[in-house]
Amino acid sequence: MIRFRRLFDLVTDADRRQLAEIQGIFRKAFPFESEVADGLGRYLTEKIKRDFEPIILVAEDTRNRTLGFTVTFFFSEIKYAYLQYIASDPERSARGIGGALYEATREFLAGKGCRGMFLEVPPDEAEKLKDKNLLSVNRKRMRFYERYGALPVQGTLFDVVPNKANEGYLTMLLYDPLGRTRTLHRQEARRAVEQIYRAQYGLAPTGGYVRQIIESFRDDPVRLRSPRHAPLPPLAPEKGRWLRPIKIVVTDGHHIHHLREKGYVERPVRVQAVLRGLENIPFEQYSIRHFGEDHIRAVHDRHLVDYLAAVCARLGPNQLVYPEVFPIRRPEKRPDRKST
């Protein structure tokens, strides 16, 4: 069984462990880019303003072991994305992990309102390769992406003029419409490519090379190559969901009074902030259900429940009770339930 989650930050030991596992897979899959693996954590820890939202999506098994990952840049202003890396552990049997990762990433982006995703792959044409021995591998990779409707952009200089920031190796620019209409308009493609060069290579759009590539997008709509290695999928979603919705329960009861004089840390606004953060993530909201006191006593210390029951019975309509402490390790220091 494969599960997917987004790695948001590095707050817990589990987060840091998962990042280390991602970096381990990265170094095995991309042995000549180890410095990139070292910098993946900065996407999570550096809260700086970027022109894109970095998204690290992780595939894991039922024991929470990392099986693979994707790193994607989402350009929220133009609603397009760029798949920077996708990899599964080369030392494990694949078992469809790469395909599941790609599908989950597409689903996640579609949920954010993304119009389409771009990615770069090595050419599947011999004349564009420095090492002809890679031709069969590249064609196999292209067959994988064509199965999802991702096709190379045609009629531009992207795969003709070498990119010095990419050590002069030619790459093809693929466009995946995420199962929707395949029309890609010139102006949108130009803006997306400009963002990609800036985010991936640190190249400004005013530079001669970038300007040359951008202006070579002249067809409107942009031409995409016909599939060569696999038939195109239907435009409708071809499979079920990979990202299972998060189940949440919300009640208006969280609008509690904030006891400023007591230094109370909980604030109703935190609940609204959490809900805003879930807007682009699949979730199911459940209605609240009321249970008897037996359920409360099953998970809480009976002395705490007794204390609250006794004290709250004495409170007036506009009164509150806020015990200074109800310790677990020092039960002899329990607050006196005879006073408020």
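Note that the structure is predicted; figures quoted are calculated from it, not measured. These numbers come from the heavy atoms of this one structure, side chains and all, not from hydrogens, waters or symmetry mates.
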Please indicate whether Lys140 has more than 12 foreign heavy atoms, meaning atoms of other residues, nucleotides or ligands, lying under 6.0 Å from its NZ. no
Do other residues, nucleotides or ligands put more than 12 heavy atoms under 6.0 Å from Glu35 CD? yes
Evaluate the side-chain proximity of [Y] to [X]: yes if any heavy-atom separation is below 4.5 Å, no if none is.
X: Met172; Y: Pro122; value: no
X: Phe291; Y: Ile296; value: no
X: Arg223; Y: Val153; value: no
X: Phe73; Y: Gln84; value: yes
X: Leu44; Y: Phe8; value: no
X: Pro54; Y: Arg50; value: yes
X: Leu135; Y: Lys132; value: no
X: Thr206; Y: Arg211; value: no

Is there a donor-acceptor pair closer than 3.5 Å between any side-chain N or O of [X] and the backbone N or O of [Y]?
X: Thr66; Y: Gly68; value: no
X: Ser216; Y: Thr156; value: no
X: Asn163; Y: Ala165; value: yes
X: Arg139; Y: Asp124; value: yes

What are the two closest non-hydrogen atoms of [X] and [Y], and how far apart are they?
X: Arg147; Y: Ala230; answer: CG-CB, 3.8 Å
X: Gly149; Y: Pro233; answer: N-CD, 3.5 Å
X: Ala100; Y: Ile2; answer: CB-CD1, 4.3 Å
X: Ile55; Y: Arg6; answer: CG1-NH2, 3.7 Å
X: Cys114; Y: Leu178; answer: O-CD1, 3.7 Å
X: Ala87; Y: Ala29; answer: CB-CB, 3.9 Å

Spacing of [X] atom [atom1] and [Y] atom [atom2] [to the nearest 0.5 Å]:
X: Asp176; Y: Leu83; atom1: CG; atom2: CG; result: 9.5 Å
X: Arg225; Y: Asp159; atom1: CZ; atom2: CG; result: 9.0 Å
X: Glu91; Y: Ile25; atom1: CD; atom2: CD1; result: 9.5 Å
X: Phe118; Y: Leu174; atom1: CZ; atom2: CG; result: 10.5 Å
X: Glu60; Y: Arg65; atom1: CD; atom2: CZ; result: 11.0 Å
X: Leu184; Y: Phe217; atom1: CG; atom2: CZ; result: 8.0 Å

[Y]/[X] salt bridge by N-O under 4.0 Å criterion:
X: Lys112; Y: Glu53; result: yes
X: Arg106; Y: Glu103; result: no
X: Asp219; Y: Arg186; result: no
X: Asp220; Y: Arg190; result: no
X: Asp61; Y: Arg3; result: no
X: Arg5; Y: Asp15; result: yes
X: Arg297; Y: Asp294; result: no
X: Arg228; Y: Glu125; result: yes

For residues Phe74 and Tyr82, establish whether the separation of their ring centroids is below 6.0 Å. no
Any chance the rings of Tyr209 and Tyr197 have centres within less than 6.0 Å?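 Between Tyr197 and Tyr209, which both carry aromatic rings, the centre distance is below 6.0 Å.
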Let me check something: do [X] and [Y] share a hydrophobic cluster, defined by ILVMFWY side-chain heavy atoms less than 4.5 Å apart, either directly or through other members?
X: Tyr201; Y: Leu173; result: yes
X: Leu151; Y: Tyr102; result: no
X: Val71; Y: Leu10; result: yes
X: Leu224; Y: Val160; result: yes
X: Val121; Y: Tyr169; result: no

In sequence, state the C-alpha distance, the side-chain angles, and the governing distance for Val11 and Asp9, and then conclude on side-chain contact (heavy atoms from CB on, under 4.5 Å). CA-CA 6 Å; Val11 175; Asp9 46 39; 3.5 Å; yes
side-chain contact (heavy atoms from CB on, under 4.5 Å) for Leu101 and Phe4? Distances and angles first, verdict last. CA-CA 8 Å; Leu101 265 168; Phe4 297 92; 3.9 Å; yes
Evaluate the criterion side-chain contact (heavy atoms from CB on, under 4.5 Å) for residue pair Ile56 and Thr70; output intermediate values, then yes/no. CA-CA 6 Å; Ile56 299 179; Thr70 61; over 6 Å; no
ring-ring contact (aromatic ring centres under 6.0 Å, His included) involving Tyr85 - partner list, sequence neighbours excluded: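 By the ring-ring contact (aromatic ring centres under 6.0 Å, His included) rule, Tyr85 matches Phe26, Phe30.
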I would like to know whether Asp89 and Leu67 meet side-chain contact (heavy atoms from CB on, under 4.5 Å); could you show each step before the answer? CA-CA 6 Å; Asp89 191 340; Leu67 304 175; over 6 Å; no
Where do Arg191 and Glu77 land on the salt bridge (Lys or Arg N to Asp or Glu O under 4.0 Å) test, with the steps shown first? CA-CA 10 Å; Arg191 292 186 66 190; Glu77 183 180 345; 3.3 Å; yes
Do the rings of Tyr175 and Tyr80 sit parallel, tilted or perpendicular, given the 30° and 60° boundaries?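 Ring orientation of Tyr175 relative to Tyr80: tilted.
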Going by the angle between their ring planes, with limits at 30° and 60°, are Phe75 and Phe52 parallel, tilted or perpendicular?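 Plane angle over 60°, so perpendicular.
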